[in-house]
Amino acid sequence: MRTLIPSLTVSYEANVAFLSLSILEFTVGILTNAFIFLVNFWDVVKRQPLSNSDLVLLCLSFIRLFLHGLLFLDAIHLIYFQKMKDPLSHNYQATIMLWVIANQVSLWLSTCLSLLYCAKIVHFSHTFLLCVSSWISRKLPRMLLGAILFSCICTVVCLWDFFSRTRFIFTAVLSRNNTDFNIQITKLSFFYSFLFCNVWSIPPFLLFLASSGLLIISLGSHMRTMRAQTRDSRDTSLEAHIKALIVLVSFLCFSVLSFCAALISVPLLMLWHKVGVMVCIAIMAACPSGHAAVLISGNAKLRRAVETILRWVQRGLKVRTDSKADPRTENGHEMCCT
């Protein structure tokens with residue numbers, strides 16, 4: 001039977017590789033989410049009305065900027081400050097707990113986005129579902145406010161649990177002189193706090209699954225209707241279904257992968273396996289960047305902004321190459337100087 005061997009020290013090459021990967025993921029995550037934020041924020045500056053989906057993307061990209069900053073701090077702390085044999089520092093624990101809270105806010109905002117897609121695309125026949133769909137479309141700002149308020153309540157509860165456990169563990173540690181026992185108790189308490197805070201992510205995750213399931217059912221019924229009618233024209237409803245499902249399914253995959261990596265990283269901390277923790281943090285940092293790239297590719301306004309930037313870059317490169325290739329500009333400049 002195989003056992004997980006503790007990895008108390010990591011080679012210099014592994015630390016450099018992890019630091020380089022963390023910087024790359026941080027840069028990509030900041031660029032993609034800052035792009036989404038600035039494109040939508042520029043409409044606010046120009047006093048142009050934001051659609052409901054753009055409002056959700058504005059809030060979601062802002063939260064994910066905070067997420068990437070926390071994960072980068074976590075990586076730096078793990079490389080340079082946190083030793084596996086030492087007790088978990090309060091700064092490291094606080095960074096992880098703040099990541100859990102920010103990730104929960106991100107999950108709520110993504111759930112609001114999935115509910116909005118469901119309300120816009122799915123054709124409901126039941127009266128109650130029609131009323132709910134129209135209410136979501138009209139009251140989305142209030143939904144966002146409610147999601148943020150619920151997240152604030154969860155934050156207060158999680159922080160109260162975290163600090164109360166920390167105070168209890170501190171008094172228990174002072175009463176014993178066994179260092180290994182004290183370290184394990186500290187890590188076990190942190191694991192319990194981590195699980196307790198993640199329990200509050202269950203309601204938005206269930207709502208997200210329900211709205212995604214409705215989209216899949218609606219897509220299936222629409223496909224059957226299309227086969228019966230055998231239209232030759234372009235079906236915009238089918239395209240909307242597929243684009244929304246790509247965004248939602250990608251978020252589902254990324255969020256499950258990120259949660260599993262975060263869940264595995266805490267027991268690896270307790271087992272003193274530093275390489276495994278590094279791999280988990282790298283996965284956690286890659287997931288928000290991947291979903292941001294999917295959001296950019298699936299949003300028409302963001303794609304147009306990317307195309308505009310690429311045209312500016314191509315135009316600037318072309319002007320620079322033309323000025324270098326044309327010798328008359330240099331000769332004319334020399335004649336003017338003489």
Side-chain angles (χ1 to χ4, degrees), residues 15-42 44 55-82 88-110 112-113 144 147-148 151-152 154-156 158-159 162-163 190 193-194 197-198 200-201 204 250-251 254-255 257-266 268-269 274 277-296 302:
N15 278 327
V16 170
F18 178 63
L19 179 61
S20 303
L21 181 61
S22 299
I23 293 173
L24 177 63
E25 290 177 334
F26 176 73
T27 304
V28 173
I30 291 296
L31 288 177
T32 52
N33 287 284
F35 172 76
I36 296 174
F37 178 80
L38 290 175
V39 168
N40 292 294
F41 187 72
W42 183 243
V44 177
L55 181 61
V56 178
L57 290 178
L58 179 69
C59 300
L60 184 61
S61 58
F62 178 76
I63 290 296
R64 284 184 172 170
L65 289 172
F66 186 58
L67 265 177
H68 281 287
L70 288 173
L71 286 170
F72 187 67
L73 284 177
D74 190 13
I76 295 297
H77 198 93
L78 185 65
I79 294 172
Y80 294 106
F81 302 106
Q82 181 63 50
L88 290 177
S89 66
H90 290 292
N91 292 332
Y92 188 78
Q93 293 184 44
T95 303
I96 294 294
M97 297 307 295
L98 286 174
W99 176 86
V100 172
I101 294 167
N103 189 58
Q104 192 177 114
V105 177
S106 174
L107 180 58
W108 269 110
L109 293 174
S110 300
C112 291
L113 187 64
L144 291 176
I148 294 172
S151 299
C152 291
C154 296
T155 301
V156 172
C158 290
L159 291 178
F162 173 69
F163 286 113
F190 174 66
S193 298
F194 178 82
C197 289
N198 275 289
W200 297 92
S201 300
S250 65
F251 174 75
F254 285 129
S255 60
L257 184 62
S258 177
F259 176 74
C260 291
L263 194 63
I264 294 171
S265 67
V266 179
L268 289 176
L269 274 174
K274 193 171 184 178
V277 178
M278 286 180 172
V279 172
C280 291
I281 292 176
I283 294 173
M284 292 159 60
C287 291
S289 303
H291 189 240
V294 174
L295 287 173
I296 292 172
L302 296 176

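These figures come from a predicted structure and were not determined experimentally.
Of the possible donor and acceptor atoms, none in the side chain of S258 sits under 3.5 Å from a partner among the backbone N and O of F254. Without hydrogens or angle criteria, S22 side chain to F18 main chain gives a donor-acceptor distance under 3.5 Å.
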side-chain contact (heavy atoms from CB on, under 4.5 Å) assessment of S255 paired with H291: CA-CA 9 Å; S255 60; H291 189 240; over 6 Å; no
Intermediate values then yes/no, side-chain contact (heavy atoms from CB on, under 4.5 Å), L67 and N33: CA-CA 10 Å; L67 265 177; N33 287 284; over 6 Å; no
T95/H77 under side-chain contact (heavy atoms from CB on, under 4.5 Å): CA gap, chis, key distance, verdict: CA-CA 9 Å; T95 303; H77 198 93; 6.0 Å; no
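Under the 4.5 Å side-chain criterion, counting only non-hydrogen atoms from C-beta, H68 is not in contact with V28. In this structure, the side chains of F259 and N103 stay at 4.5 Å or more apart for every pair of heavy atoms. Side chains of D74 and W99 form no contact here, defined as non-hydrogen atoms less than 4.5 Å apart. At a threshold of 4.5 Å between non-hydrogen side-chain atoms, the residues S20 and V16 count as touching.
Rounding to the nearest 0.5 Å gives a distance of 10.0 Å between CG of L70 and CE of M284. Rounding to the nearest 0.5 Å places CZ of F62 at 14.0 Å from CG of N40. Residue F66 holds its CZ atom at 5.5 Å from CG of L98, rounded to the nearest 0.5 Å. For the atom pair CG (L257) and SG (C287), the distance works out to 4.0 Å, reported to the nearest 0.5 Å. Expressed to the nearest 0.5 Å, how far CG of L78 lies from CG of L73 amounts to 12.5 Å. Distance check, rounded to the nearest 0.5 Å: CG of L60 to CD1 of I63 gives 8.5 Å.
Residues V294 and S250 share a closest heavy-atom pair of CG1-OG, 3.4 Å. Closest of all the heavy-atom pairs between S289 and G29 is OG-CA, 3.2 Å. The nearest pair of heavy atoms linking R64 to P288 is NH1-O, 4.1 Å. Minimum heavy-atom separation, P204 to L107: CG-CD2, 3.8 Å.
The aromatic rings of F26 and F72 sit parallel, their planes meeting at an angle under 30°, below the 60° perpendicular limit.
Applying side chain to side chain contact (heavy atoms under 4.5 Å, CB included) to I36 and the options L31, L58, L57 leaves one that passes, L57.
Within a 6.0 Å radius of CZ in F41, no more than 12 heavy atoms belonging to other residues, nucleotides or ligands are found.
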